[in-house]
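Report on the structure given below.
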Amino acid sequence: MITDESLSELKVFLKELEINKEDDYEQHPLGNSGRVTIFPKTEQEISAVLEYANTNKHSVFIMGGGTKRGYGGLLEKADILLSLAQYTGIVEHNPGDMTLTVKSGTPLQEIQNYLAPYNQKVSLDPFFPNHATIGGIISANDSGPKRLGYGSARDNVIGLTMVYPDGTLIRSGGKVVKNVAGYDMNKLFIGAMGTLGVVSQVTVKLRPIPKYESILFVSFSECNVDEIRAFAVKVLDSMIEPISLEILNPSLAGKLTNTNQYTLLFSFEDVKSSVHYQENVIRSIVPDKTTLRPLSQNEANSFWDKFYHQQPNGLTNVATTEAVLKIGVINLDVIKILQEAELIGDTCHVSIEAHGGFGTGLCHISIRGANDDVVSAIKHIRKSVIQLGGYAVVKHLPISLRKEVNVWGEKASSHFLFEGIKQKIDHNRILNKNRFVGGI
């Protein structure tokens with residue numbers, strides 16, 4: 001536990017750093033480091049550190065598992081890096097109510113492993129679940145292809161405990177699903193990238209582990225945009241309810257399925273008979289000149305494990321510059337985005353691996369290449385997205401290039417609201433500086 005003596009030692013250390021700004025610290029190509037790293041183990045320790053930092057106007061970066069280290073931020077280091085790696089564990093589990101309260105530094109996979117004997121799980125599917133913490137997932141409102149059936153973090157979180165920059169603890173929501181009293185403060189903090197406070201505890205609603213799961217791939221030998229869109233519309237308008245309806249571009253499909261063609265991915269979760277019924281519906285309406293390939297439950301689990309580890313993130317360390325774009329467009333325009341991204345990739349001499357959800361309109365595009373080529377590709381793709389009325393956010397990029405690219409895009413007309421909230425809650429601006437929209 002952090003004592004008055006240890007806080008005094010921290011104060012002396014930080015004063016020494018203020019005298020000599022060039023002291024050594026942990027350098028990282030993604031930035032978001034700290035001159036000193038603190039590992040709190042209790043909520044009280046988190047509160048004590050933030051209260052001290054706020055009083056002395058020391059900047060603080062927050063880190064969980066490190067998977068989102070390249071997501072936002074224009075500073076290489078803060079005075080304090082607050083790591084929640086040791087702030088883990090289950091706080092409360094109500095199997096009958098199907099709710100769970102957990103400390104924010106707990107990796108998602110650890111939570112799923114705990115819930116498995118109860119035949120329950122958290123309905124979130126971020127990338128790198130072994131390392132992504134529940135607090136980081138909530139702060140980034142992260143989700144994957146199963147968002148179509150699962151919803152986002154905003155749909156699954158029913159209560160939060162937050163530590164404000166001045167050390168104050170606040171609780172929003174509750175521990176039961178049916179809680180409609182007052183304004184839903186949870187939604188203010190979810191997706192705020194830790195700029196309004198540190199997520200301490202999270203209460204989520206659970207769902208049963210499905211009896212059976214399968215995947216169907218439908219690969220198109222010719223990229224006929226109208227045909228692919230018409231098929232997706234037919235599926236979305238049908239009675240079946242896939243957990244995900246994702247399209248993979250040829251590069252990503254080749255990497256994951258050994259088929260270098262535009263490929264639709266259908267994922268189903270239910271009792272076995274229902275899953276097979278939905279598979280047969282797809283089989284009955286697939287267009288001509290397509291190849292259909294099913295994956296059984298074990299094969300589907302192996303595929304998802306591979307899928308959730310293919311995207312660049314804060315833990316990867318490769319020589320080639322890597323970037324990830326998160327794009328939101330009208331759901332049926334995802335095929336246009338994937339096609340345009342491939343053309344831009346050829347023009348800019350970068351490799352493009354991309355997928356998008358026909359039911360959600362969310363795309364993820366991984367870009368690899370030389371620095372200037374990656375930056376050029378990002379700018380060209382964003383321009384195409386804006387023309388379609390969408391948005392493009394850079395969710396992974398080395399800090400040297402984040403300074404050249406507007407990570408969040410242009411400020412919206414509502415930006416003054418974000419500024420006002422930030423000023424009210426964190427008037428000294430000590431938390432996660434520049435890690436949210438408009439450099440907040």
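The figures here come from the full heavy-atom set of this structure, side chains too, leaving out hydrogens, waters and symmetry mates.
Using a 30° and 60° split on the angle between ring planes, H355 and H364 fall in the parallel class, below 30°. Note: Y118 and Y114 have tilted aromatic rings, judged against thresholds of 30 and 60 degrees for the angle between ring planes.
No side-chain N or O of T161 forms a donor-acceptor pair with one of E43 less than 3.5 Å apart. In the model, S200 has a side-chain atom that pairs as donor or acceptor with a side-chain atom of Y87 under 3.5 Å. Using modelled atom types and a 3.5 Å distance limit, the side chains of T88 and T106 yield no donor-acceptor pair. Between T67 and N313, the side chains place no donor N or O within less than 3.5 Å of an acceptor N or O (distance only, hydrogens not considered). Looking at D125 and Y308, their side chains do bring a donor and an acceptor atom within 3.5 Å of each other. Using modelled atom types and a 3.5 Å distance limit, the side chains of D155 and S152 yield a donor-acceptor pair. With 3.5 Å as the limit, one finds a donor-acceptor pair spanning the side chains of T168 and D166. T195 and N432 share no side-chain donor-acceptor pair at under 3.5 Å.
Comment: E269 engages K121 in a salt bridge, judged by a side-chain N to carboxylate O separation of less than 4.0 angstrom. Between E213 and K146 there is a salt bridge, since a side-chain N of the basic residue sits under 4.0 Å from a carboxylate O of the acidic one. Under the 4.0 Å criterion applied to side-chain N and carboxylate O atoms, E76 and R402 are not assigned as salt-bridge partners.
Contact annotation: the side chain of L325 never approaches that of V385 to less than 4.5 Å [non-hydrogen atoms, C-beta and beyond]. At a threshold of 4.5 Å between non-hydrogen side-chain atoms, the residues I190 and L160 count as touching. Inter-residue side-chain proximity for F231 and I285 is flagged as met; some heavy-atom pair is nearer than 4.5 Å. The side-chain heavy atoms of V324 and Y71, taken from C-beta on, include no pair separated by under 4.5 Å.
Surrounding CD of E410 are at most 12 heavy atoms belonging to other residues, nucleotides or ligands under 6.0 Å away.
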Side chain to side chain contact (heavy atoms under 4.5 Å, CB included) for M239 and V281? Distances and angles first, verdict last. CA-CA 9 Å; M239 296 297 291; V281 171; over 6 Å; no
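F128 and H309 have their aromatic ring centers within a separation under 6.0 angstrom.
A pairwise comparison of heavy atoms in S104 and T133 identifies O-CB, 3.4 Å as the closest pair.
For D270 (side chain) and V275 (main-chain N/O), no donor-acceptor pair under 3.5 Å exists by modelled atom type. No donor-acceptor pair closer than 3.5 Å links the side chain of S376 to the backbone N or O of D373.
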